Asker: 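Can you keep this structure in mind? I'll have questions shortly.
All values reported here derive from a predicted model rather than from experimental measurement. Chain identifiers are assigned alphabetically (A, B, ...) following the order of the sequence lines, protein sequences preceding nucleic acid strands; residue numbering begins at 1 within each chain.
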Amino acid sequence: MADTSGGWLYAVARELDTDALAGLRGVAGAPVYVVRDAGLAAVVSAVDLAEFGAEPLRRNLEDLDWLAVTARAHDAVVTTVGAAAQAAVPLRLATVCLGDDRVRDLLARRRPDLESALALLTGRTEWGVKAYADPEALASVNPADTAGPSGKGGAGTAYLLRRKAQLSAREKAERNAAAHADRLHGELAALATAARRHPPQDPKLSGRKGWNVLNGAYLVDDAKADELAAAVDRLGAELEGVRLELTGPWPAYSFAGIEQGAEQEPR
Amino acid sequence: MTEIGQPASSALGPSQAGGHQPANLGDILERVLDKGLVIAGDIQVNLLDIELLTIKLRLVVASLETAKEVGINWWENDPWLTGANGTRELERENRELRARIERLESGRAEPRQVEAASEDEQYEEDEYEPVDVVNGELAEEEEPARDERR
Amino acid sequence: MSENAHRNELQERIDADPETVEKGLVSLVLTIVELLRQLMERQALRRVEDGKLSDEQVERIGLTLMRLEERMGELRDHFGLEPEDLNIDLGPLGPLLAPE
């Protein structure tokens, strides 16, 4: 590798069918290749450090256009690798090494973590379930709350009573939404080997209205994928005022890291 | 080739060969930026700063700078925002406090400030009450004057 | 909204043309005002609930808050802002103002 280029890493796989990677393009349209080290295969693209070096990378990552294109390309390669291997550990965006030897070093250095992640992910897939709550449906203002002691006060007092009723209705809605989310997560996690709750999504990025009360990721045995989908259907119909969205199959991003403080330990 | 993890029933969830593509950008970003195995490559990047969710705040901060560049800076001259009136009040208080400290330190009973004259001097004289000396000690009965000003 | 339309909306907000820039500043200021208004309202409601205020005081506080809410609405309309525009995302801490 020349001094001006680096290696962008996508994933580390075991028993990878390299034929499936023929013609595959990744970030910046670069072709992908494989660097092996004793049973582990790192999937890499050669990238120009003028675009992917420390400073340019920092700048580019703040550019939404560049980030969107790069993130999709990264994810597309990771997904393809996952489908073409016995198991694959997705790497976070922007892992860049300076030379194939460095990639091999990295594989050797992190072998234990990589092996245990691969073991966890073999035969399993990540699914995402998001729940959106309709605040109005979850709690309605109790008319009794808006009526003050009869005959007392004017417009100001009436306003206060109305606001008080609205705020308690809101608090009630929030409690209900949180309770629904907890129950949902519990039921779905029961079907999974591991489960995590991510922070709610920014509506500006997701384009969805309503409160995002659950943003969960579930690592499910492939044999149980149907059961999960069925459960999402059932729970979506059962819960009033809550809309569910199932996404996937995903490469197991949410379960690749050992050191992340997961809420639930893998069983 | 069967996609690993592809559910038999395709009625639920995306089922095209690409798996979950095309997916919501938010779904992808929250995964590739924040999840996935974190391995220290040779290039150090702090992805925690790349929090798109806070982009709006950075937008606004950037807006302030850009606004000034394009000549929008009304907030710099608005009396309410610059606290032009409030500043005078603070300055006056400062002067009085400093004078008081001076007197206490020098042990004098000075009825008036001896600071440099300012346009507010007259106002100060009206508000300021003489300090009484009782039994050789300074009595600090200036609260009424202060309250009046508020 | 389609994803592309959505990205365009987000991209628009990042453009630095003067109109957008001023709108960003105004919405920041109004967000702070709205935060204060909400805090004052909650505090007033707590005091009312304590029961230590006379009917007159309750009425006066209520009228003031009511007018404040109306004024906020007028300001928002004047600048063409929706209630959802008045918010700051604190990243991991969530949004500054709870969605209403």
Side-chain angles (χ1 to χ4, degrees), chain A residues 62-69 71-72 132-136 138-139 141 145-146 148-175 177-178 197-213 215 247 261, chain C residues 1-15 27 37-51 53-73 82-85 87-100:
Chain A
E62 305 247 353
D63 175 345
L64 184 60
D65 274 338
W66 188 95
L67 182 59
V69 165
R72 284 192 186 281
Y132 291 91
D134 177 4
E136 255 134 82
L138 282 179
V141 177
D145 286 342
T146 51
S150 52
K152 257 194 198 174
T157 311
Y159 173 80
L160 282 177
L161 287 168
R162 204 165 54 238
R163 286 299 292 147
K164 185 167 146 208
Q166 280 170 348
L167 285 174
S168 35
R170 225 197 98 82
E171 273 165 36
K172 191 163 153 218
E174 279 174 352
R175 275 200 303 274
R197 285 179 81 159
H198 296 325
Q201 276 194 352
D202 183 344
K204 286 194 287 290
L205 274 183
S206 69
R208 307 281 189 269
K209 301 262 174 192
W211 299 340
N212 180 209
V213 298
N215 185 7
T247 60
Chain C
M1 197 190 288
S2 81
E3 221 236 84
N4 270 334
H6 208 68
R7 268 208 56 248
N8 287 340
E9 187 192 83
L10 189 57
Q11 198 61 33
E12 266 170 28
R13 289 164 184 256
I14 301 175
D15 287 338
S27 60
R37 187 193 72 81
Q38 287 185 20
L39 289 174
M40 284 195 311
E41 223 177 50
R42 275 161 218 257
Q43 193 178 47
L45 283 171
R46 268 197 292 274
R47 290 186 65 197
V48 167
E49 266 165 59
D50 281 348
L53 298 173
S54 73
D55 290 349
E56 260 169 40
Q57 285 172 315
V58 170
E59 176 65 18
R60 203 164 53 235
I61 288 177
L63 282 176
T64 309
L65 290 173
M66 189 169 77
R67 291 200 186 108
L68 198 54
E69 193 204 36
E70 281 168 10
R71 187 80 180 107
M72 267 314 295
E82 298 299 316
E84 307 86 68
D85 291 330
N87 217 334
I88 299 177
D89 200 308
L90 300 173
L93 297 176
L96 179 64
L97 295 171
E100 290 234 15

Asker: Are more than 12 heavy atoms from other residues, nucleotides or ligands located less than 6.0 Å from atom CD of C:Q57?
Answerer: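 For C:Q57, atom CD is crowded (more than 12 foreign heavy atoms under 6.0 Å).
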
Asker: Can you confirm whether A:L160 sits close enough to C:L65 that some side-chain heavy atom of one is under 4.5 Å from a side-chain heavy atom of the other?
Answerer: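 Heavy-atom side-chain distance check passes, below 4.5 Å.
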
Asker: If you measure from CD on C:E69 to CZ on A:R163, what distance do you get to the nearest 0.5 Å?
Answerer: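 One finds 6.0 Å between CD of C:E69 and CZ of A:R163.
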
Asker: Rounded to the nearest 0.5 Å, what separation is found between the CD1 atom of C:I61 and the OH atom of A:Y159?
Answerer: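 The distance works out to 12.5 Å.
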
Asker: Run the side chain to side chain contact (heavy atoms under 4.5 Å, CB included) test against A:V213 and tell me which residues pass, sequence neighbours left out.
Answerer: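 Once residues adjacent in sequence are excluded, the partners of A:V213 under the side chain to side chain contact (heavy atoms under 4.5 Å, CB included) criterion are A:A131, A:A133, A:A177, A:A181, A:W211.
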
Asker: Would you mind checking which part of C:V48 comes under 4.5 Å of any heavy atom in chain A, side chain (CB onward), backbone (N, CA, C, O), both or neither?
Answerer: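 It is the side chain, since no backbone atom gets that close.
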
Asker: Among C:E59, C:E56, C:R60, which residue meets the side-chain hydrogen bond (donor to acceptor under 3.5 Å, both in side chains) test with A:T157?
Answerer: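 Only one option passes, and that is C:E59.
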
